[in-house]
Engineer: 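What follows is a single structure, and I will ask about it in a moment.
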Amino acid sequence: MTTYTSATDADRRAMLDAIGVPSVEELFADVPQALRLDRPLALPAGMAEQEVYEHLRGLAARNVSAEDEVSFLGAGMYDHYVPAVIDMLMGRSEFLTPYTPYQPEISQGGLQVMFEYQTAISELTGLPVSNASVYEGPSAVGAAAYLAKLANGRLRVLASRGVHPYSRETLTTLARGYGQQIEEIPLREGATDLAALIAALDEDVGAVVLQQPNFLGAVEDVAALAAAAKQSGPTHPLVICACDPIPLGILKPPGECGVDIAVGEGQTLGNRLDFGGPSFGFFAATQEHLRRMPGRIAGETVDVDGRRGFVLTLQTREQHIRREKATSNICTSQALNALAGVVYLSWLGRAGLVELGELLLARTAYARERLTLLDGVEALHEQPVVREFALRLDADVARVRERLAAEGINAGYALGRDYPEHPDGLLVAITERRTRADIDRLADALGRAVAAEREVAHAGVGA
Amino acid sequence: MTTYTSATDADRRAMLDAIGVPSVEELFADVPQALRLDRPLALPAGMAEQEVYEHLRGLAARNVSAEDEVSFLGAGMYDHYVPAVIDMLMGRSEFLTPYTPYQPEISQGGLQVMFEYQTAISELTGLPVSNASVYEGPSAVGAAAYLAKLANGRLRVLASRGVHPYSRETLTTLARGYGQQIEEIPLREGATDLAALIAALDEDVGAVVLQQPNFLGAVEDVAALAAAAKQSGPTHPLVICACDPIPLGILKPPGECGVDIAVGEGQTLGNRLDFGGPSFGFFAATQEHLRRMPGRIAGETVDVDGRRGFVLTLQTREQHIRREKATSNICTSQALNALAGVVYLSWLGRAGLVELGELLLARTAYARERLTLLDGVEALHEQPVVREFALRLDADVARVRERLAAEGINAGYALGRDYPEHPDGLLVAITERRTRADIDRLADALGRAVAAEREVAHAGVGA
Amino acid sequence: MSSREEPTLTIFQRGAPGRRAFAAPVLDVPPAPDDALPADLRRATPAALPEVSEPELVRHYVNLSKRNFDLDSGFYPLGSCTMKHNPRLHERVAALPGHARLHPLQDPARAQGALELMWNLQQALGEVAGLPHVSLQPSAGSHGELAGVLLTRAYHEDRGEQRTKVLTPDTAHGTNPATVTMAGYEVVKVGTNADGGVDLDDLRAQADEQVACLMLTNPSTLGLFDANIAEIAEIVHGVGATLYYDGANLNAIMGITRPGDMGFDIVHFNLHKSFTQPHGGGGPGSGPIAVSERIEPYLMRPQVVRREDGGFDLDHERPKSIGRLRGFQGNYGCFVRAYAYIRSLGAEGLKDASETAVLNANYLLALLKREGVAEYLPVAYDRLCMHEFVLSGAPMKRELGIRTLDLAKRLLDHGVHPPTVYFPLLVEEALLIEPTETETRETLEQFAETIAELLREAAEDPELARNAPTSTPVRRLDEAAAAKRPVIRQELAAAG
Amino acid sequence: MSSREEPTLTIFQRGAPGRRAFAAPVLDVPPAPDDALPADLRRATPAALPEVSEPELVRHYVNLSKRNFDLDSGFYPLGSCTMKHNPRLHERVAALPGHARLHPLQDPARAQGALELMWNLQQALGEVAGLPHVSLQPSAGSHGELAGVLLTRAYHEDRGEQRTKVLTPDTAHGTNPATVTMAGYEVVKVGTNADGGVDLDDLRAQADEQVACLMLTNPSTLGLFDANIAEIAEIVHGVGATLYYDGANLNAIMGITRPGDMGFDIVHFNLHKSFTQPHGGGGPGSGPIAVSERIEPYLMRPQVVRREDGGFDLDHERPKSIGRLRGFQGNYGCFVRAYAYIRSLGAEGLKDASETAVLNANYLLALLKREGVAEYLPVAYDRLCMHEFVLSGAPMKRELGIRTLDLAKRLLDHGVHPPTVYFPLLVEEALLIEPTETETRETLEQFAETIAELLREAAEDPELARNAPTSTPVRRLDEAAAAKRPVIRQELAAAG
Ligand SMILES: Cc1ncc(COP(=O)(O)O)c(C=O)c1O
Ligand SMILES: Cc1ncc(COP(=O)(O)O)c(C=O)c1O
């Protein structure tokens with residue numbers, strides 16, 4: 001018996017009697033002896049709560065978190081402030097512990113939250129239809145590509161090189177199953193190359209995948225790119241755009257840019273970094289795709305007394321009903337994280353989302369200018385940026401980052417691995433938690449580090 | 001308007017119209033102009049949530065907490081592990097936010113918790129009557145002395161020097177109001193001097209105040225001391241004993257020692273250190289004092305349908321009814337902390353409280369032996385100890401403590417200020433969080449520190 | 001939603017022998033020698049605590065919690081209690097290990113953040129009170145009152161005076177007279193005049209050299225600001241007595257007027273009211289006091305002080321101090337929350353809070369002056385109120401045959417916490433209504449609607465109110481029986 | 001208790017223009033130059049998000065939460081979902097800033113604690129599965145399935161084979177066939193034999209060189225362990241296909257038998273079931289997979305690896321890898337919880353969990369075999385079950401005129417979450433009941449009592465069940481209407 005179970009020896013005896021078997025062992029009679037594990041699992045012995053706490057605390061202490069350093073890391077997840085109300089609400093048993101709301105009469109709380117979440121995402125993206133969440137960002141892009149296949153059956157998918165490398169890799173992985181082939185549209189001066197896109201378009205193209213802002217922080221002219229896709233012929237491909245929801249407070253919403261499916265990583269909306277998850281992916285589309293949407297959708301209805309209520313609706317799309325003909329295989333999704341998302345958006349509110357966007361815009365502009373004034377540091381592109389921007393360093397990026405790390409600063413993301421064409425690239429992200437003082441500190445340290453590395457390089461001991 | 005208020009300008013206008021005044025200013029017409037504050041309060045401007053968080057985090061970072069060092073500090077509050085269920089339950093709005101349960105029909109949760117708490121305290125102390133909590137430890141001792149005055153009107157109060165210095169000081173402060181005079185019974189070899197007690201007793205003594213274990217960690221023979229008090233004459237004084245609830249798992253309960261009123265600091269029962277509060281004080285007594293108890297008491301009853309329910313009972317004792325004749329002036333008490341107390345005791349359970357007591361007993365014995373083997377370190381007394389013990393160092397205690405602090409160890413409490421007779425005294429506390437490894441680390445560091453300080457002393461540069 | 005399993009079983013009636021939620025850490029030292037604890041000091045039989053698994057423990061208390069009404073669920077206009085919104089930020093910052101796991105006896109040098117916080121809070125509270133010297137030590141309002149009266153005693157005795165009486169208005173909260181008695185003084189009542197203020201003639205008549213102090217709440221428990229306060233102070237000081245300010249109603253005046261400027265010598269704060277501590281179903285609270293120069297020498301030990309070098313320390317000396325009223329430095333966890341609140345709102349925000357509290361109260365009062373309500377629940381003193389106001393249920397009782405208590409109980413069926421009832425004592429069938437600043441206009445309007453509806457309902461069928469509540473986990477409870485044969489603990493079946 | 005204010009207003013229908021819960025941090029830099037963001041890229045009108053104060057926000061969602069039933073309030077025997085107790089310790093450790101605020105792209109050298117945790121978890125899961133190589137990446141069970149089938153494809157293709165079919169039993173969970181389609185294979189059903197196992201003859205008939213994989217759940221969704229598993233593995237491997245283990249039912253066998261030892265090549269875990277993640281009302285979850293040697297080369301990128309020096313790293317190379325299925329390293333927050341669970345229970349505890357889960361299921365089954373229940377709700381396969389079992393409501397429907405759905409809805413009135421209904425599909429009017437190991441014997445007995453009582457009640461008056469529930473915040477909802485004219489977002493009044 002553990003502290004989580006209640007069957008005392010007395011209970012066991014009485015229960016076994018009622019069942020009519022002599023021992024617990026007997027209950028496993030169906031498991032062939034040959035297949036029984038004839039030894040204990042090779043795992044450490046159990047520990048008391050406080051011991052587990054100390055162990056996990058020890059592991060946490062060996063991570064350098066955004067609580068421990070001034071971090072300009074972004075590249076898909078961002079260190080935004082999560083308001084305390086979210087912890088409180090996510091911690092309530094009533095939201096934390098239920099399963100997917102299969103019994104609507106006792107799940108109105110969760111179902112209404114989904115309905116409100118769908119409304120918020122719809123408002124944010126300017127698209128009428130939202131589901132109740134998918135796993136996270138890159139897999140949301142994959143889910144969108146699958147919807148495109150269901151919609152038009154075409155197998156060529158054009159993805160901008162500005163789309164998150166992880167999203168492109170996910171697309172490629174899934175493409176083997178979907179039968180799609182993923183082709184890349186290059187960037188030109190940091191933004192998706194319109195001409196290259198136009199050149200690549202033909203009637204076999206089922207989907208065009210963009211990202212706003214793109215991975216290098218550039219705000220794309222999504223409207224122009226989408227327009228090009230739509231002009232590619234009478235039965236044009238679907239335009240899919242992965243969006244960072246925070247800048248959508250000030251950026252033209254995908255729905256107004258001709259985007260058919262807007263998806264994205266929801267972490268920035270009230271979710272913790274958590275070393276990459278759990279967060280949620282949002283998924284919104286135009287009306288015509290309603291019945292091709294993946295995952296759960298909450299809908300409004302009335303009960304037998306005419307009272308307003310909410311249910312999981314359009315379930316005939318889903319795996320538990322449609323099975324092999326389902327529009328997706330998703331079952332457990334990210335409801336709790338989506339709750340955080342809608343609470344966060346309600347906390348920010350109509351004005352707050354704009355204010356936050358403007359604050360990031362201003363601080364990002366300040367940081368970009370401040371940093372590009374440094375010797376050996378220049379902008380990797382001149383496109384407009386709103387919360388993140390790319391730099392080119394005239395020094396070894398890895399060693400520069402190490403120098404800053406030693407000062408308790410995480411300078412940002414090194415672009416080299418994902419963009420070999422930018423071995424000297426550094427991606428710097430700004431959130432409302434990074435104050436002017438933090439930015440100035442970064443500038444000061446970066447300036448010194450680049451200078452130092454250049455000296456080393458000149459001294460020829462650079463390798 | 002702040003983020004906590006909702007009156008927009010439109011609301012204000014409409015509301016003022018309804019009231020029939022032109023401005024909010026007008027609402028304060030009764031406040032004489034001469035008394036109006038004609039300037040803003042001299043306080044910093046308000047801050048955004050994240051800014052307040054960072055500020056408070058900055059202050060927290062300038063404290064060395066039990067999370068940051070290996071601490072053997074006790075002396076009234078102890079670094080016990082608080083199980084996660086307590087955070088969760090204390091964080092639930094339903095327990096966190098209500099006022100004192102004046103409307104029992106919608107407060108059954110809180111009232112039943114009080115009833116369960118009273119039961120647990122009664123079981124722990126071996127006394128039939130418990131209230132629903134008082135402020136904390138020392139003031140609980142003061143409240144007990146007041147009950148003694150109500151009970152027998154006598155004004156001499158004998159308090160053992162083993163009673164917490166803060167309790168004795170609180171008694172003295174309150175005595176000026178109560179009209180009592182507090183006299184001290186000295187310690188002999190670390191325990192209350194029975195002979196001195198007997199000598200001091202006469203028919204003017206209204207109460208004898210003891211502590212178990214006493215401040216120096218010694219387990220007192222409470223039964224013997226109480227017996228002496230009761231033999232002092234036909235109308236003997238009340239025996240008050242302040243107890244640390246944790247060792248009560250293995251120590252003879254006050255109710256079986258002839259104690260009339262058992263009180264104590266409840267922090268060790270599932271409450272955080274919080275730099276001294278909020279925690280709670282418990283207050284238990286024999287049946288005859290039921291109607292003299294201070295504070296709230298929950299009682300069982302039935303509703304009009306015969307359903308079991310709970311109410312605040314015997315309220316005619318209390319200030320809101322009895323006013324100047326009340327048995328106490330206490331109103332807001334420590335209900336939430338008492339909730340933590342009963343949840344903690346239920347979490348430990350019948351077996352757990354004993355196991356915890358035995359664990360502390362064993363580790364304390366180990367630590368006491370290990371440390372007294374060190375050169376220049378000896379036991380301050382030889383009395384039995386269960387969770388804390390006093391040492392005598394042959395070195396400057398303050399400087400020794402500093403040396404250990406530099407190694408991330410808090411050696412314990414220096415007795416000098418409260419016990420001038422023990423300028424070289426050090427009080428070392430053990431909890432289940434202090435492992436053998438921690439104790440060994442303390443022993444090693446203490447040995448080195450004492451040796452080093454002795455050298456300094458010999459070298460004559462000790463001052 | 002809550003499970004239907006018998007909800008009123010106590011935790012002692014659940015579980016089974018041998019079940020447990022606690023696993024003991026490994027015994028990593030030798031077992032204690034037998035003589036470590038002599039047998040005659042040992043407990044013979046374990047305390048009969050519950051025996052439940054963690055899931056049982058969690059379900060029991062989560063289900064109990066669902067039998068409470070709470071501030072996060074609905075309107076809670078409990079007069080004199082200032083049930084304002086409790087920001088969750090405060091819980092977050094109070095839980096930071098640097099605050100929550102800080103030992104109260106940590107060397108001041110290693111608790112500088114905590115001491116600075118306390119210092120800053122002292123400064124802020126002193127500024128709000130208009131009295132420079134603050135002690136954070138008291139654990140609640142009534143504890144602050146006791147401190148205040150004991151300070152008064154020390155002040156007089158230090159001047160060689162033995163005064164015997166303390167004046168309290170008949171509108172005073174029960175803790176005032178109770179405190180006076182505990183502080184060894186005799187309580188003398190002062191009357192209330194026609195418009196709800198202190199009866200000056202009566203005050204003059206009572207005020208003599210035997211009076212040590214006048215304890216006053218301003219705005220009073222009637223929610224009215226006593227415009228004669230300057231004159232009152234003059235009279236009280238005229239006989240050498242101190243003027244004590246019961247700060248429970250401070251929420252009406254923050255940043256608008258200050259007790260110190262009114263002439264008060266001693267003020268207590270209820271941090272759990274004006275500065276939004278969660279009330280926890282009856283605490284914890286915190287009742288700091290602010291005092292004038294002449295009272296300062298007697299202030300409690302220890303005091304947080306700022307050293308020349310800018311560092312902070314605890315001053316344990318203070319020769320004339322009355323000493324301490326409790327252990328350690330007070331309810332620090334509450335200080336963290338109150339300080340976070342003050343820094344969140346700032347000077348403007350605190351004033352906005354008071355202004356909005358008074359605006360909300362007057363708006364609700366205006367809404368309740370409507371026909372269909374005013375005839376039955378007239379306002380006790382028909383003037384502008386401050387942050388709260390008093391209605392009298394006397395006409396309602398006469399004409400509709402339901403008492404204030406019945407109306408209160410009927411409100412429970414509408415998901416509203418009733419106002420404070422039958423206090424202050426001098427208003428017949430009183431309802432003391434305090435909406436606070438954090439309620440929305442819609443909520444106030446909804447409440448007024450509900451009151452009107454319940455009065456209409458009572459006119460048709462008073463039984464509905466008399467039998468209310470019907471939708472709560474239990475209905476009216478037999479308090480008389482509870483007091484006659486008190487059952488105050490769970491009786492246990494022969495210890496399992 | 002919840003307030004009576006109209007509870008079904010959405011957050012978009014609350015508040016008023018200008019209200020806010022958010023205060024922006026100070027703008028501490030110059031405003032952005034106008035050209036920073038060209039006008040044509042800018043949003044014209046703000047998104048019409050709610051405008052509420054913090055108190056409104058809190059009350060809205062707290063009151064919404066009270067319209068949910070939850071695991072901490074009552075019995076939740078939802079078959080196939082393993083609704084076991086969620087220890088709050090897990091929430092505490094997951095919230096430690098060192099975990100919660102760790103950026104996924106932090107340099108491995110500065111995320112050693114996280115990588116070690118993941119490594120340890122991989123080792124533990126591999127040991128439980130009896131398959132050495134683990135990827136923690138998938139976000140849920142069905143995501144793990146997709147990974148598994150794509151791995152199967154990579155495996156076959158690497159060997160130059162183009163297989164076209166995947167076999168799934170007709171008892172399979174819907175995600176299995178749905179996954180197969182997404183992975184580009186054709187679904188072929190395999191029948192179930194008389195005692196609930198895979199029909200071996202049918203399997204032999206179907207198994208050919210075109211078969212890439214057989215996806216199996218063992219114990220099956222009927223709660224029965226397929227004793228022929230060795231033979232099944234032989235058949236499947238005989239045609240060169242892989243054998244996939246749907247781990248949703250792992251809670252029956254931890255420490256007792258291992259998928260790897262049964263012959264499975266690929267296993268997915270539902271950490272949110274067997275390893276007790278809170279379900280969050282529909283996620284988050286986590287669906288790690290464990291695979292055999294021959295599948296290992298294709299495992300997802302990146303992999304946590306241990307370096308010679310004992311340090312940990314992320315391996316992004318892996319030439320034959322199928323790549324990645326999502327961003328970053330998976331749902332780390334879930335890993336922390338699952339790891340805490342494994343370390344709390346240890347080897348013994350995990351086995352105890354499975355044994356007790358099976359004990360509880362069989363005990364409940366035994367209780368439900370009583371007269372008055374068994375006639376109406378016979379067990380679908382009358383043998384010992386594993387951690388769950390299936391009853392058929394067919395006789396109940398015939399003889400009492402109430403359907404399984406009606407019984408389920410009536411259970412709501414008794415504060416019990418109904419079992420999974422109408423799954424698995426091949427049992428008529430199915431109820432799939434999984435009590436889990438964390439429920440007490442008393443709770444199981446109470447549930448059996450309730451079922452018996454409801455059947456008695458239905459015999460007298462079936463309408464009660466047909467009209468149930470009546471005590472819930474809403475009663476039966478019109479799902480048909482919802483699907484016919486879908487309203488899936490709040491329509492807003494002309495943007496305020
Ligand atoms: C007017 C007044 N004075 C004093 C008090 C006592 O405050 P506390 O409950 O914090 O002791 C109260 C609390 O209800 C009060 O309303
Ligand atoms: C048997 C079975 N397989 C697969 C799944 C899918 O798991 P998930 O919901 O984590 O995607 C489930 C979940 O209900 C299940 O019961």
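Here the structure is a predicted model, which is why all the values come from computation and not from measurement. Convention: sequence-line order gives letters A, B, ...; per-chain numbering from 1.
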Engineer: In the structure I gave you, are the side-chain heavy atoms of C:Thr420 and B:Tyr102 within less than 4.5 Å of one another anywhere?
Structural biologist: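 No - every pair of side-chain heavy atoms lies 4.5 Å or more apart.
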Engineer: Could you tell me if the side chain of C:Arg42 sits less than 4.5 Å from the side chain of B:Ile250, heavy atoms only?
Structural biologist: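 Heavy-atom side-chain distance check passes, below 4.5 Å.
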Engineer: Tell me if the centroids of the rings in C:Phe423 and B:His320 come within less than 6.0 Å of each other.
Structural biologist: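 Not under 6.0 Å, so no.
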Engineer: Name the region of B:Thr170, side chain, backbone, both or neither, that has any atom closer than 4.5 Å to a heavy atom of chain C.
Structural biologist: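 Both backbone and side chain.
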Engineer: Between C:Gly98 and B:Ser65, what is the shortest heavy-atom contact and its length?
Structural biologist: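 Looking at all heavy atoms of both residues, the shortest contact is CA-CB, 4.1 Å.
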Engineer: Answer yes when B:Arg363 and C:Asp28 have at least one side-chain N-carboxylate O distance shorter than 4.0 Å, and no when they do not.
Structural biologist: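 Yes, this pair counts.
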Engineer: Does B:Ser6 reach the main-chain N or O of C:Thr440 with its side chain, forming a donor-acceptor pair under 3.5 Å?
Structural biologist: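 The answer is no, because no donor-acceptor pair under 3.5 Å joins these two groups.
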Engineer: Sub-3.5 Å donor-acceptor pair from the side chain of B:Glu67 to the main-chain atoms of C:Arg101, do we have one?
Structural biologist: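 No, B:Glu67 side chain to C:Arg101 backbone: no donor-acceptor pair under 3.5 Å.
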Engineer: Would you check if the side chain of B:Glu123 reaches a backbone N or O of C:Ala48 as a donor-acceptor pair within less than 3.5 Å?
Structural biologist: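 Present.
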Engineer: So, do C:Pro486 and B:Leu290 sit near enough that their side-chain heavy atoms are less than 4.5 Å apart?
Structural biologist: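 Sidechains of B:Leu290 and C:Pro486: in contact.
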Engineer: Could you check whether any side-chain heavy atom of C:Leu477 comes within less than 4.5 Å of a side-chain heavy atom of B:Gln108, counting everything from C-beta outward?
Structural biologist: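 A side-chain contact exists here, since the closest heavy-atom pair is under 4.5 Å.
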Engineer: Check this for me, if you would: do C:Asp352 and B:Arg12 make a salt bridge, where the nitrogen-to-carboxylate-oxygen distance has to be below 4.0 angstrom?
Structural biologist: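 A salt bridge links C:Asp352 with B:Arg12.
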Engineer: Indicate yes or no: at least one non-hydrogen side-chain atom of B:Glu94 is less than 4.5 angstrom from one of C:Arg67.
Structural biologist: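 B:Glu94 does not reach C:Arg67 side chain to side chain.
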Engineer: With the side chain counted from C-beta on, respond yes when B:Glu324 and C:Val180 share a heavy-atom pair under 4.5 Å apart, and no when they do not.
Structural biologist: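 No, too far: nothing below the 4.5 Å cut-off.
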Engineer: Do any N or O atoms from the side chain of C:Tyr76 and from the backbone of B:Tyr99 form a donor-acceptor pair under 3.5 angstrom?
Structural biologist: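 Present.
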Engineer: Which bit of B:Tyr413 is near chain C, if near means a heavy-atom gap under 4.5 Å: side chain, backbone, both or neither?
Structural biologist: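 The side chain, not the backbone.
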Engineer: Can you say whether B:Ile19 sits under 4.5 Å from chain C via the side chain, the backbone, both, or neither, judging by heavy atoms?
Structural biologist: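 Looking at B:Ile19, backbone and side chain both touch chain C.
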Engineer: Chain C heavy atoms under 4.5 Å from B:Val386: which part of the residue, side chain, backbone, both or neither?
Structural biologist: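 Answer is side chain: those atoms of B:Val386 sit under 4.5 Å from chain C.
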Engineer: So what's closer than 4.5 Å to chain C heavy atoms on B:Glu358: side chain, backbone, both or neither?
Structural biologist: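 Only the side chain of B:Glu358 comes within 4.5 Å of chain C.
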Engineer: Kindly write out the residues that satisfy side chain to side chain contact (heavy atoms under 4.5 Å, CB included) with B:Pro32, not counting sequence neighbours, or none if the list is empty.
Structural biologist: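 Checked B:Pro32 against side chain to side chain contact (heavy atoms under 4.5 Å, CB included); matches are B:Leu35, C:Phe225.
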Engineer: Given heavy-atom pairs under 4.5 angstrom as the criterion, report whether the side chain, backbone, both or neither of B:Gln315 touches chain C.
Structural biologist: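 The side chain, not the backbone.
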Engineer: Under 4.5 Å from any heavy atom of chain C, what part of B:Asp221 do you find: side chain, backbone, both or neither?
Structural biologist: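 Both backbone and side chain.
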Engineer: Is it the side chain or the backbone of B:Asp11 that comes within 4.5 Å of chain C heavy atoms, both, or neither?
Structural biologist: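 Both backbone and side chain.
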Engineer: Rounded to the nearest 0.5 Å, how far apart are CG of B:Leu41 and CE of C:Met254?
Structural biologist: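 Atom-to-atom, B:Leu41:CG and C:Met254:CE are 9.0 Å apart.
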Engineer: So does C:Glu91 pair up with B:Arg92, basic N to acidic O under 4.0 Å?
Structural biologist: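 Not counted as a salt bridge, because no side-chain N and carboxylate O are separated by less than 4.0 Å.
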Engineer: Would you check, one step at a time, whether the test side-chain hydrogen bond (donor to acceptor under 3.5 Å, both in side chains) holds for B:Tyr135 with C:Ser142?
Structural biologist: CA-CA 11 Å; B:Tyr135 300 134; C:Ser142 63; 2.7 Å; yes
Engineer: Which region of B:Leu361, side chain (C-beta onward) or backbone (N, CA, C, O), has a non-hydrogen atom less than 4.5 Å from a non-hydrogen atom of chain C, or is it both or neither?
Structural biologist: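 Both backbone and side chain.
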Engineer: Given 3.5 Å as the limit, does a donor-acceptor pair link the side chain of B:Asn63 with the main chain of C:Ala114, or not?
Structural biologist: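 Yes.
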Engineer: Do B:Phe275 and C:Phe328 have ring centres separated by under 6.0 Å?
Structural biologist: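 No - the distance between ring centres of B:Phe275 and C:Phe328 does not fall below the 6.0 Å cut-off.
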Engineer: Heavy-atom distance under 4.5 Å to chain C: side chain of B:Val311, backbone, both or neither?
Structural biologist: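 Contact with chain C is through the side chain of B:Val311 alone.
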Engineer: Just so I understand: if I count every heavy-atom pair under 4.5 Å between each of B:Ala326, B:Pro40, B:Ala298, B:Ala132 and chain C, which residue has the most?
Structural biologist: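 When all of B:Ala326, B:Pro40, B:Ala298, B:Ala132 are compared, B:Ala298 has the most.
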Engineer: Please answer whether the main-chain N or O of B:Ala66 pairs with a side-chain N or O of C:His103 as donor and acceptor at a distance below 3.5 Å.
Structural biologist: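 Here the side-chain-to-backbone pair does not exist.
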Engineer: Taking only residues two or more places apart in sequence or in another chain, which ones pass side chain to side chain donor-acceptor pair (under 3.5 Å) with C:Gln490?
Structural biologist: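 With neighbours one apart ignored, the set is B:Arg308, C:Thr10.
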Engineer: With a 4.5 Å limit on heavy-atom distance, are the side chains of C:Thr257 and B:Leu37 in contact?
Structural biologist: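 C:Thr257 does not reach B:Leu37 side chain to side chain.
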Engineer: Under 3.5 Å, side chain of C:Asn68 to main-chain N/O of B:Gly110, donor-acceptor pair present?
Structural biologist: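 Yes, because the side chain of C:Asn68 sits within donor-acceptor range (under 3.5 Å) of the backbone of B:Gly110.
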Engineer: Is the backbone of B:Pro253 close enough, under 3.5 Å, to the side chain of C:Arg43 for a donor and an acceptor to pair up by distance?
Structural biologist: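 Judged by distance alone, no pair lies under 3.5 Å.
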Engineer: Could you tell me which non-hydrogen atom of B:Phe115 sits nearest to which non-hydrogen atom of C:Ile488, and how far apart they are?
Structural biologist: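 Taking every non-hydrogen atom into account, CE1-C, 3.5 Å.
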Engineer: Return the CZ to CE distance between C:Arg343 and B:Met47, rounded to the nearest 0.5 Å.
Structural biologist: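 Taking CZ in C:Arg343 and CE in B:Met47, the distance rounds to 4.0 Å.
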Engineer: side-chain hydrogen bond (donor to acceptor under 3.5 Å, both in side chains) between B:His55 and C:Tyr339: does it pass, once the steps are laid out?
Structural biologist: CA-CA 11 Å; B:His55 175 56; C:Tyr339 180 65; 2.8 Å; yes
Engineer: Which answer fits B:Ala61, side chain, backbone, both or neither, if we ask what part of it has an atom under 4.5 Å from a heavy atom of chain C?
Structural biologist: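 When you check distances to chain C, no heavy atom of B:Ala61 falls under 4.5 Å.
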Engineer: Shortest non-hydrogen contact from B:Gly276 to C:Arg326?
Structural biologist: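 The pair with the smallest heavy-atom distance is O-NH2, 2.9 Å.
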Engineer: Check whether C:Pro97 gets within reach of chain B through its side chain, its backbone, both or neither, counting any heavy atom under 4.5 Å.
Structural biologist: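 Contact with chain B: backbone and side chain both.
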Engineer: Using heavy-atom distances under 4.5 Å, tell me whether B:Glu49 contacts chain C through its side chain, its backbone, both, or neither.
Structural biologist: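 Interface part for B:Glu49: both.
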Engineer: Between C:Tyr363 and B:Leu27, is any pair of side-chain heavy atoms under 4.5 Å apart?
Structural biologist: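 Result no, sub-4.5 Å side-chain heavy-atom pair not found.
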Engineer: Contact part of C:Ile256 toward chain B, heavy-atom cut-off under 4.5 Å: side chain, backbone, both or neither?
Structural biologist: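 C:Ile256 touches chain B through backbone and side-chain heavy atoms alike.
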Engineer: Hey, which of B:Leu174, B:Thr172, B:Thr173 is the one that makes side-chain contact (heavy atoms from CB on, under 4.5 Å) with C:Ile322?
Structural biologist: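 It is B:Thr173; the other options fail the test.
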Engineer: List the atom of C:Pro46, the atom of B:Val354, and the distance in Å for their closest heavy-atom pair.
Structural biologist: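 Minimum heavy-atom contact is CB-CG2, 3.9 Å.
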Engineer: Determine yes or no for a side-chain-to-main-chain donor-acceptor pair under 3.5 angstrom, with C:Glu127 supplying the side chain and B:Ala42 the backbone.
Structural biologist: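 Yes; at least one donor-acceptor contact below 3.5 Å.
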Engineer: Which atoms of B:Ala120 come close to chain C, meaning under 4.5 Å heavy atom to heavy atom: side chain ones, backbone ones, both, or neither?
Structural biologist: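 Both backbone and side chain.
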Engineer: Could you tell me which non-hydrogen atom of C:Phe12 sits nearest to which non-hydrogen atom of B:Glu116, and how far apart they are?
Structural biologist: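 C:Phe12 and B:Glu116 have their closest heavy atoms at CE1-O, 3.4 Å.
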Engineer: What part of B:Ser130 gets within 4.5 angstrom of chain C, counting heavy atoms only: side chain, backbone, both, or neither?
Structural biologist: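 B:Ser130 touches chain C through backbone heavy atoms alone.
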Engineer: Is the backbone of C:Ala178 close enough, under 3.5 Å, to the side chain of B:Asn329 for a donor and an acceptor to pair up by distance?
Structural biologist: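 No, B:Asn329 side chain to C:Ala178 backbone: no donor-acceptor pair under 3.5 Å.
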Engineer: Quick one: closest heavy-atom pair of B:Ala7 and C:Leu359, and the distance?
Structural biologist: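 Looks like CB-CD2, 4.5 Å.
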